[in-house]
Amino acid sequence: MCGIVCYVGRRQAKPILLDGLKQLEYRGYDSAGLAVADGQSVAYHRALGKIVELERKIGDIEINGTTGIAHTRWATHGEPSERNAHPHRDMDENVYVIHNGIIENFHILKRKLEKKGVRFRSETDTEVLAHLIAQNFEEDLEEAVRRTMGQVEGTFGLAVIHRKVPGRIVVARRGSPLILGLSKDGHFAASDVSAMVRHTNEVVHLQDNELATLTVEDFSISTAQAKHIERSIETVEWRAEDAELNGFPHFMLKEIFEQPETVENAMRGRLEPGEGVPKLGGIVPVWESLKECRHIVIVACGTSYYAGCVGMYVFEKLTEVDVEVELASEFRYRKLNFPANTFIIALSQSGETADTLAAIREAKRKGARLLGIVNVVGSSIARETEAGVYNHAGPEIGVASTKIFTSQLTILTLLALLLGRHQNLSLTEGVEAIRALQELPGQIRSVLAQANHIEAIAQKYYSANNWLFLGRKFNYPIAMEGALKLKEVSYIHAEGYAAGEMKHGPIALINPEMPTVALAPLDDMYEKMVSNIQEIKSRRGPVIAIATEGDERIKEMVDDVIEIPATLDYLNPILAVIPCQLLAYYCASFLNRDIDKPRNLAKSVTVE
Ligand code: G6P
């Protein structure tokens, strides 16, 4: 969704801001803009569409200035248009503001401002911020922003410059991420470290209801009550090259191919083969309560939710804990009774998904304990949970999540194994699990080695308008994730179903034009999956089976087979999802879709 990047320093701001915006493109947006101050005037440009449109608009116009703010917008209030793109200005064209989040009381504020004679130029909620800051400004820009924070309700990560306050940017946050970046050439602020990682690895996380003032030499943080805050500097582990394509045509494909390493990274230093027990340093603070826990609720959205669904089956297999999985967006509307010592596990790549954040806040209110499995270090969910485990998977740029899914499955398995080994799981089962986990990176490589074969299957079916994905037990969520991937990147309609439910509806759709992807590895669900496949074949539906290596029987039945190596039943999803990711990728590629930035989707959904 919306992205923010700001710079004040010794270098020209324009190229730094445009490059920063490009690094944020993956978040999904519909328009972009920037404002650069040179100490006297402000250069101000906005454009509908991609960053290249903004560049085209700026053309050869010379923009000098070492202080600037820039934004990518994902429309919430007002259509995507140049008029609604950020920055927004006050009437006297002194204040320039960019904003992520939603100002909930903007209608009331707008009406009051209009009564005072303010004329609005856009339909956005953000524009009220520009007018309010202008009205609250006397001499001190930070104080004007602080007063404005007291007047607005809702969420914001915002950045402001003032034409008459040279060399200074004020930023503030409530509910939307903002990170400061420090370098010897100046200071940055961004909604996402990837916008600054080419320039610095030293960051400071701003927390809710805090403001910061940045100048070329210095930065200072204070609260909404004007209390000065000292915050330690952190070093981010992401490297600039992590956010580059390195020869791949798309980030999605690059990230699919990174999975041997990201699954390995999720286990690195966390396995104790001899004892059959993983070590998870991040949960030590809650371990005494967690090991007694008998009730877990996993909350997440999108692909992370499907990882949670697999997690539920894995916990049931390995532990004595009762596990529920809930969509974060629905969680708050349930009337859940948590038994004492219930743990909530929030799964989130970004650590900023608004519904997941809201769900953990609600769970905390009800007395639950909070764990996070998060990729982005220092993100809101990472900070608001008591303890947790990081994915250490590097930035995921493709909007459709791939490598984080398998990383989440790996970490959920480690957590279940750890709990299980303190409950009823034997040493033999623990040792067997760790041995199988260690084999996964090599096995993922062997699935990836079939990319050309999978591409050929995609070529055969990409023009089908509807697809069905079927699986049972551990692989039922993989059917849903496979369908989601295909929808997200190729815009082909697809349904993911529990294979047992096929007879209650989807079977009516089966015909020679509708391919079914059947997840049928050799496990205790195999025979039932075979029956489902036969039901489809007898209605002349094409079937692509994802099956265990060497399964000759299934080859006789189906049209196409993608083989995955044999592993433990509860680890099959980590291998079985990879052909689904590749099928989605190649179908989208044949259809010439904008694979890394599918229409209407956003990487990090920061509105509820
Ligand atoms: C968006 C993304 C998905 C992601 C979901 C949850 O919809 O496009 O890829 O799975 O948000 O995001 P999270 O960061 O919480 O895992």
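Hydrogens, waters and symmetry mates are skipped; everything else that's a heavy atom, side chains included, is used. Just so you know, ligand 1 is whichever comes first in the structure, and atom 1 is the first atom listed for that ligand.
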Output for ligand 1, non-hydrogen cut-off under 4.0 Å, lists C301, G302, T303, S304, S348, Q349, S350, T353, V399, S401, A602, K603, V605

Just jot down the side chain to side chain contact (heavy atoms under 4.5 Å, CB included) partners of P506, sequence neighbours excluded, or say none. L468, Y497, M502

Taking only residues two or more places apart in sequence or in another chain, which ones pass side chain to side chain contact (heavy atoms under 4.5 Å, CB included) with K50? E25, Y29, V52, D594, K597

side-chain contact (heavy atoms from CB on, under 4.5 Å) partner of L575, the single match among T406, T567, I478, I546: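 Among T406, T567, I478, I546, the one meeting side-chain contact (heavy atoms from CB on, under 4.5 Å) with L575 is T567.
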
Name of the residue among K603, Q349, K403 meeting side chain to side chain donor-acceptor pair (under 3.5 Å) with E396: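 It is K603, the one option of K603, Q349, K403 that forms the side chain to side chain donor-acceptor pair (under 3.5 Å) with E396.
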
Can you sort out the partners of E255 under salt bridge (charged side-chain N to carboxylate O under 4.0 Å, His left out), two or more places apart, ordered by chain and number? none

Thinking salt bridges, do E264 and R268 make one under a 4.0 Å N-O criterion? no

